[in-house]
Amino acid sequence: MQATAQSSVSSDHVRAIVQAAGEPEWLAQWRHAAWDIYSAAPLPDRVAHLWRYSKPEKFLPDRITPLVPNGTAPEGAAPDDLPGDPAAVAVVEDAVLQSCWVDPTCRDAGVVLMDLGTAARQHEDLVRAHLGTAAGADSGKFEALNAALFAGGLFLYVPRNVKVDKPIHLFQRTRADLAGLFARLLIVVDEGAEVTLFDEYSNDGEDPRVLANSVVEGALLPNSRLSYFNVQRWGDRTRSHARQRFLLQRDASVTTVNIGLGGQYNKADLGNVQQGGNAQAEMIGVIFGGNRQHFDNHTEHVHEAGNSFSDMDFKVVLEDQARSVYTGLIRIDRSAPNCEAYQENRNLMLDPTCRAESIPELEILNEEVRCTHGATVGPIDEEQIYYLRTRGLRESEAERLIVEGFFGPAMDRIADDEIRDLLWGYIDAKLAGRTRR
């Protein structure tokens with residue numbers, strides 16, 4: 001549904017989404033409870049440090065109309081151009097599942113990829129057990145808004161001991177102007193299963209004005225493995241609020257890679273909770289901002305069980321009055337001895353008009369741990385620019401090499417060659433499109 005004028009969002013929109021998607025009563029009740037939480041919750045307090053640098057009113061649905069699904073793709077519908085050699089693909093445009101295809105081998109093994117509303121009917125036990133457990137309506141005002149209004153949501157389930165050896169690709173797109181895109185993804189990786197997931201968010205069309213509110217939550221059962229890649233390529237007139245949480249049980253492992261390139265005003269809350277012993281979480285972040293873009297990223301690694309491990313590497317490059325805020329928390333509970341946790345945030349300023357804030361935090365409640373954290377903010381090295389220019393490069397070419405070298409160590413940690421090359425392509429495209437020369 002496309003909005004063309006100012007509108008107010010109400011519980012009527014919740015009912016419209018439930019009716020359009022044909023969702024079961026339990027999910028309708030879950031949505032309405034979330035709407036009540038959203039309506040009653042005040043805006044986040046700017047005194048709280050997680051909101052000190054961003055304006056919460058930017059993420060209110062004041063002049064938008066939430067997108068409402070008006071159907072889904074037939075089972076087995078494949079997109080016209082499959083990206084590479086995937087195990088499955090789903091394309092959601094303006095909250096409508098346009099195509100959804102699962103490789104027959106994966107489908108026969110029990111892999112499920114479908115619209116979240118359909119999954120709530122066909123796989124009720126799985127969805128009810130995990131929906132909202134990692135990122136529910138009680139997580140915050142804007143998370144409650146997503147729980148009430150999500151449309152075109154997706155559900156992925158990988159059964160016990162199934163190892164999906166090719167990536168699954170998901171695409172969320174919108175071209176509707178003055179639209180509210182409330183995307184939601186629920187991932188359940190069963191015991192002993194493994195999967196790689198590529199999840200991309202972008203605008204189509206002539207840069208519409210969009211409020212994007214997305215939630216990604218995942219349950220990793222014992223000894224499961226997930227590699228999750230998130231690419232944010234919103235247009236210049238998009239406000240984006242995103243939350244991402246994964247719950248790791250015993251011996252589970254997750255690698256998350258978040259690439260932030262688009263959007264005008266962005267806030268993301270990314271994290272993992274190690275609920276079981278020997279759980280391992282690795283997080284890689286790459287942000288490239290320009291043209292007055294605003295990026296506010298919070299990362300959180302919570303160690304609830306002992307002998308668990310987390311490692312975070314977040315790289316930011318800014319120019320043209322862009323701003324980045326990074327806050328990172330490592331929390332190790334009293335009941336979690338023998339944990340290791342590492343956190344690093346580095347920021348590179350290409351000109352003096354941009355600004356970066358970095359606030360790493362440790363909350364250590366157990367003495368038997370090993371933790372380190374570090375942060376740097378600094379300008380591009382003029383001596384490096386001079387050296388490269390003496391070798392015949394233009395200034396823009398020199399800066400490009402330095403930026404690629406800055407991102408390189410984080411990108412090199414991505415084991416999948418095909419996905420790493422795809423991500424470099426997005427970064428290089430933004431480098432090539434820079435206005436500064």
Side-chain angles (χ1 to χ4, degrees), residues 26-27 30 34 87-88 90 102 106 109-140 143-144 146-147 150 153-164 167-168 170 183-199 214-230 242-258 269-283 299-305 308-310 331 333 336:
W26 73 265
L27 185 52
W30 190 83
V102 179
C106 294
V111 174
V112 175
L113 176 62
M114 61 173 55
D115 171 80
L116 185 51
T118 303
R121 297 191 303 270
Q122 297 184 5
H123 302 277
E124 180 178 339
D125 291 345
L126 272 174
V127 176
R128 292 191 74 166
H130 298 288
L131 183 65
T133 56
D138 57 351
S139 300
E143 289 80 1
N146 180 281
F150 75 84
L154 293 171
F155 172 69
L156 173 65
Y157 171 67
V158 184
R160 183 174 182 175
N161 294 327
V162 171
K163 294 177 173 55
V164 182
I168 291 174
L170 310 179
R184 194 175 190 100
L185 171 61
L186 174 61
I187 306 165
V188 180
V189 187
D190 214 329
E191 184 172 356
E194 296 182 14
V195 66
T196 296
L197 188 60
F198 183 90
D199 190 19
S214 63
V215 168
V216 177
E217 59 179 338
L220 279 71
L221 276 60
N223 198 35
S224 62
R225 302 286 183 272
L226 170 66
S227 296
Y228 175 76
F229 299 85
N230 182 286
R243 184 177 179 90
Q244 185 186 115
R245 280 295 184 281
F246 296 99
L247 306 180
L248 285 70
Q249 297 185 15
R250 171 184 50 83
D251 297 317
S253 174
V254 65
T255 298
T256 59
V257 180
N258 289 275
D269 188 341
L270 318 168
N272 307 290
V273 182
Q274 281 91 315
Q275 297 177 321
N278 201 38
Q280 301 189 43
E282 180 183 22
M283 181 184 293
T299 67
E300 190 170 292
H301 290 281
V302 179
H303 295 253
E304 295 182 347
S308 54
F309 173 86
S310 67
R331 175 186 167 89
D333 288 350

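Because only heavy atoms are used, hydrogens play no part in the values below, and waters and symmetry mates are left out as well, while side chains stay in.
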Does some side-chain heavy atom of [Y] sit less than 4.5 Å from a side-chain heavy atom of [X]?
| X | Y | answer |
| --- | --- | --- |
| His123 | Tyr157 | no |
| Thr256 | Gln244 | yes |
| Val102 | Ile168 | no |
| Val127 | Trp30 | no |
| Phe155 | Leu126 | yes |
| Val164 | Cys106 | yes |
| Thr299 | Met283 | yes |
| Thr133 | Arg245 | no |

Quiz item: Got a sec, which residues hit side-chain hydrogen bond (donor to acceptor under 3.5 Å, both in side chains) with Arg250, two or more places apart in sequence or on another chain?
Solution: none
If you compare all heavy atoms of [X] against all heavy atoms of [Y], which two are closest, and at what distance to 0.1 Å?
| X | Y | answer |
| --- | --- | --- |
| Leu113 | Ala90 | CD2-CB, 3.9 Å |
| Ala137 | Ala34 | CB-CB, 3.7 Å |
| Gly192 | Lys163 | O-NZ, 3.4 Å |
| Gly277 | Ala305 | N-CB, 3.5 Å |

Quiz item: Do Asn146 and Arg184 have side-chain N/O donor and acceptor atoms under 3.5 Å apart?
Solution: yes
Self-check item: Asn272 versus Glu300, side-chain donor and acceptor atoms under 3.5 Å
Solution: no
Quiz prompt | CA sep, side-chain torsions, deciding dist, call: Leu221, His130, side-chain contact (heavy atoms from CB on, under 4.5 Å) | solution = CA-CA 11 Å; Leu221 276 60; His130 298 288; 4.3 Å; yes
Exercise. Check whether the ring centres of Tyr228 and Phe246 lie less than 6.0 Å apart, and answer yes or no.
Key: yes
Once you round to the nearest 0.5 Å, how far does [atom1] of [X] lie from [atom2] of [Y]?
| X | Y | atom1 | atom2 | answer |
| --- | --- | --- | --- | --- |
| Leu220 | Glu194 | CG | CD | 11.0 Å |
| Asn230 | Asp199 | CG | CG | 5.5 Å |
| Asn161 | Ser224 | CG | OG | 10.5 Å |
| Ser214 | Arg243 | OG | CZ | 11.5 Å |
| Glu282 | Ser227 | CD | OG | 8.5 Å |

Donor-acceptor pair, distance only, cut-off 3.5 Å: does the side chain of [X] make one with the backbone of [Y]?
| X | Y | value |
| --- | --- | --- |
| Gln274 | Gln280 | no |
| Glu217 | Gly132 | yes |
| Asp190 | Ala193 | no |

Quiz prompt | All salt bridge (charged side-chain N to carboxylate O under 4.0 Å, His left out) counterparts of Glu304, not counting sequence neighbours | solution = none
Self-check item: Counterpart residues, salt bridge (charged side-chain N to carboxylate O under 4.0 Å, His left out), relative to Arg225 (two or more places apart)
Solution: none
Quiz item: So Met114 and Leu154, side-chain contact (heavy atoms from CB on, under 4.5 Å) or not? Walk me through it.
Solution: CA-CA 6 Å; Met114 61 173 55; Leu154 293 171; over 6 Å; no
Quiz item: Run the side-chain contact (heavy atoms from CB on, under 4.5 Å) check on Leu185 and Leu170 step by step: do they pass?
Solution: CA-CA 10 Å; Leu185 171 61; Leu170 310 179; 3.9 Å; yes
Practice problem: Test Trp26 against Leu131 for side-chain contact (heavy atoms from CB on, under 4.5 Å), laying out the working first. | Solution: CA-CA 12 Å; Trp26 73 265; Leu131 183 65; 4.2 Å; yes
